Chemist: 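Next up is a structure, given as structure tokens.
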Amino acid sequence: METLLQEKIAGKKQVQVSQKLNVTGAEAVVLSLLAEGVECVFGYPGGAIMPVYDAFYHYQEQLKHYLVRHEQGAIHAAQGYARVQGRAGVAIATSGPGATNLITGIADAMIDSTPVVCITGQVAKHLLGTDAFQEVDVISVSLPITKWNFQVTRAEEIPSVIAKAFYIAQSGRPGPVLIDITKNAQNERFDFSYEKCTKIRSYFPRRKADMSAVEAAAQLIDKAKKPLMLVGQGVILSKAEKELKEFAEKSGIPVASTLLGLSAFSTKHPLYVGYLGMHGNYGPNIKTNECDVLLAVGMRFDDRVTGDLNKYAKQAKVIHIEIDPAEVDKNVKATVAIVSDAKEALVALTEKITAKSYPEWLQEFADADRMEYEKVVSKDFAPNTEKIKMAEVIKMLSDKTKGTSIVATDVGQHQMTTTRYYQFTEIDSNITSGGAGTMGFCLPAAIGAKVGRPDRQVVAIIGDGGFQMTMQELGVIMQYKIAVKVIILNNNFLGMVRQWQQLFFDNRYSSVDMQNPNFIKLAEAFDIKAQKVEKREDLSKALDAMLDSPEAYFLEVCVEKETNVFPMVPAGAGVAEIRLE
């Protein structure tokens, strides 16, 4: 094969690598990334990774590098990029503290099934195990939170290891991988060639759906009187949104979404009945314990969805469609399990089932919605306080964008309010930290999302607490002119912790009251247009100014200080014990 790499990236000149090209390991890293179609990386240089950064210098036209302000920003940006692109994001760091600063984001990517490839520098091979300067055994540290990791100690290993890394990260149930490259391997020379990885012995990322299981599931569905479908991120990862819609419309089954499943199914669709979980909608939570068939598609029965497992859906026949066999029967016992890609399973099921509708069952969800509106929603939007309410901001944003923006959220009350009141009408629009609940996730993830989809509006909605964990990444927005729109919902509290302290710790507010800096001056210091809103009558114009700006924009909205987010399933309770107030 004379030409092993010929990638045209972003309209720039082609890169060609012949089989006989002699390069350093560092240059091999860059050429391998280009061979995988990588267009950008997020990273921070340092001593042990410096040879790779020297190689970047020679490929600036082909491979864009975004210099973050902290390595945690690199991994979260790579996650945001991966979530909107549907392929692996890349984060790069040096050894020691550079590598360990990636760990939180790697754990986040692992539990949320996000494909990222992390490349870290390492001390030279002869220094391994000597506690050399900035040496950390990142392979051992990252072992339980990566899908795969590997330490490269010879330059000739680099192409095959990188090829394997991308294949593992992106295939089957996606996840993070980490490649640790010693400095000697980066400096050594060898004859470079590259071949993409398409299979690995003993690794079977996708299984063909067992048609007997599909048949059994179809029979359960056809006999159901009150079926309910729970949709998770697996639908998005398998790009099965169209197939989900076709199945739902033929089956007539009500559709509820997990946190990460939001935007897999339009919230405007008549079969959509709400959002599951601790702060989800009343109807889908209580009806989980009333349905006769529970169809779970690409979701893992997380504890925030199930509550007390001893009280969860005991009356229902459970059909579980899941690509990862390790998730089947882990938390909830399946009556029928279809271990396969969600798209494949939905196509097969759609062919087998009988077209039906459930008007009376859907009416029960509508009745639950009315109860929730009376007890919760009407209060969330009642302008009976001087301060603006979080829900008002989110609903107005949703209305103005018609639910079409990519919305990134951090973790806390603003996150739950956004997932409740932003009406996602476009696929791949919800970027949030689910299983790990990582504060500081949103700002760099929004940056990565905007880099990945510059054609779409990207809005970052962040609490004042989470923002201060990674606020230095405003520097990335400034340096590279990234048109992210940032909304800070400022209540001068760690709001969700305060809510728990109020409800479950007798109002003992311990270390949750925050004295914040002047956020507007901070944004302006980074040359970002900024505005502060304190009065309800100013909110609409401020949102218009933000959304109409062709550049980045920073909007601080001072919101009611002690608002609680309801409904709420208390920790340890069953889903039917959800509280409306």
Side-chain angles (χ1 to χ4, degrees), residues 228-232 254-262 265 267 272-291 294 299 301-313 361-382 384-385 389-395 398 409 411-424 430 432 434 437 461 463 489 491 493 495-505 559-560 562-581:
L228 176 60
M229 180 160 39
L230 312 183
V231 173
V255 178
S257 172
T258 67
L259 173 65
L260 292 180
L262 285 168
F265 194 78
T267 57
Y272 182 74
V273 294
Y275 155 52
L276 294 158
M278 179 173 278
H279 291 285
N281 294 113
Y282 185 60
N285 275 298
I286 63 169
K287 297 303 175 184
T288 296
N289 278 11
E290 297 176 23
C291 66
L294 190 66
M299 54 89 73
F301 290 110
D302 174 73
D303 66 294
R304 287 295 170 104
V305 166
T306 66
D308 185 354
L309 285 168
N310 294 317
K311 302 176 182 178
Y312 184 78
W361 178 226
L362 282 167
Q363 184 59 47
E364 291 187 35
F365 286 92
D367 294 341
D369 284 346
R370 277 195 294 273
M371 186 179 299
E372 182 177 338
Y373 183 85
E374 293 171 5
K375 297 280 190 179
V376 180
V377 179
S378 61
K379 296 177 183 177
D380 281 347
F381 296 109
N384 56 359
T385 60
K389 297 185 178 183
M390 287 188 185
E392 295 178 77
V393 183
I394 303 306
K395 184 179 186 305
S398 182
T409 50
V411 174
Q413 287 184 318
H414 71 279
Q415 176 192 35
M416 296 296 100
T417 303
T418 301
T419 49
R420 281 181 53 76
Y421 292 122
Y422 193 86
Q423 300 299 309
F424 294 95
N430 174 41
T432 197
I461 301 172
L489 297 181
N491 60 5
F493 260 133
M496 188 59 81
V497 181
R498 182 214 56 77
Q499 177 170 334
W500 279 56
Q501 289 177 346
Q502 177 187 336
L503 297 176
F504 308 118
F505 292 88
V559 296
E560 193 175 46
E562 295 190 53
T563 299
N564 288 333
V565 182
F566 286 104
M568 180 179 185
V569 179
V575 290
E577 299 170 276
I578 187 169
R579 292 174 54 172
L580 291 174
E581 53 191 2

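Values below: all heavy atoms of this structure, side chains included; hydrogens, waters and symmetry mates excluded. Nothing fancy with the numbering, it's 1 onward along the sequence. Note that the structure is predicted; figures quoted are calculated from it, not measured.
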Chemist: Tell me, with the steps shown, if I394 and L489 meet side chain to side chain contact (heavy atoms under 4.5 Å, CB included).
Modeler: CA-CA 10 Å; I394 303 306; L489 297 181; 4.3 Å; yes
Chemist: What's the separation between atom CG in N564 and atom NE2 in H279, rounded to the nearest 0.5 Å?
Modeler: 9.0 Å
Chemist: Output yes when a side-chain donor or acceptor of N430 lies under 3.5 Å from a complementary backbone atom of L259, and no otherwise.
Modeler: yes
Chemist: Quick one: are W500 and M568 in side-chain contact, heavy atoms under 4.5 Å?
Modeler: yes
Chemist: Which value, rounded to the nearest 0.5 Å, describes the distance between K311 atom NZ and E577 atom CD?
Modeler: 3.5 Å
Chemist: Can you tell me if CZ on F381 sees more than 12 non-hydrogen neighbours from other groups inside 6.0 Å?
Modeler: yes
Chemist: Between E562 and F493, which heavy-atom pair has the shortest distance, and what is it?
Modeler: CG-CE1, 3.8 Å
Chemist: Do the non-hydrogen side-chain atoms of R579 and L503 ever get within less than 4.5 Å of each other?
Modeler: yes
Chemist: What heavy-atom pair brings A256 and P284 nearest, and what distance separates the two atoms?
Modeler: CB-CB, 3.7 Å
Chemist: Quick one, V376 and R420 - any side-chain contact, counting heavy atoms below 4.5 Å?
Modeler: yes
Chemist: Roughly how far apart are T417 OG1 and H414 NE2, rounded to 0.5 Å?
Modeler: 9.0 Å
Chemist: May I ask you to check whether T432 and Q415 show a side-chain donor-acceptor distance below 3.5 Å?
Modeler: yes
Chemist: Indicate the atoms forming the closest heavy-atom contact of G232 with T258, along with that distance.
Modeler: CA-OG1, 3.4 Å
Chemist: Which pair of non-hydrogen atoms, one from V569 and one from G277, has the smallest distance, and what is that distance?
Modeler: CG2-O, 4.1 Å
Chemist: Do Q363 and D367 have side chains that get closer than 4.5 Å, going by heavy atoms?
Modeler: yes
Chemist: Ignoring hydrogens and geometry, is there a side-chain-to-backbone donor-acceptor pair from S257 to Y275 under 3.5 Å?
Modeler: no
Chemist: Does the pair Y312 and T306 meet the rule for a side-chain hydrogen bond (donor to acceptor under 3.5 Å, both in side chains), with working shown?
Modeler: CA-CA 6 Å; Y312 184 78; T306 66; over 6 Å; no
Chemist: Any non-hydrogen side-chain atom of Y421 less than 4.5 Å from a side-chain atom of V393?
Modeler: no
Chemist: Starting at CH2 of W361, measure out to CG of L228 and round the result to the nearest 0.5 Å.
Modeler: 6.5 Å
Chemist: Determine, stepwise, if the pair V559 / E392 fulfils side chain to side chain contact (heavy atoms under 4.5 Å, CB included).
Modeler: CA-CA 10 Å; V559 296; E392 295 178 77; over 6 Å; no
Chemist: Is there side-chain contact between F301 and M299, with heavy atoms separated by less than 4.5 Å?
Modeler: yes
Chemist: In Å, rounded to the nearest 0.5 Å, how long is the span from CD of Q413 to CD of Q499?
Modeler: 5.0 Å
Chemist: For the residue pair D302 and R304, what are the closest heavy atoms and their distance?
Modeler: OD2-N, 2.8 Å
Chemist: What's the shortest heavy-atom distance between N281 and I578, and which atoms?
Modeler: O-CD1, 4.2 Å
Chemist: Distance-only, no hydrogens or angles: does the N289 side chain make a donor-acceptor pair with backbone N or O of A313 under 3.5 Å?
Modeler: yes
Chemist: Supply the atom-to-atom distance D380 CG to T563 OG1, rounded to the nearest 0.5 angstrom.
Modeler: 8.0 Å
Chemist: Please determine whether the number of non-hydrogen atoms from other residues, nucleotides or ligands lying under 6.0 Å from atom NZ of K389 exceeds 12.
Modeler: yes
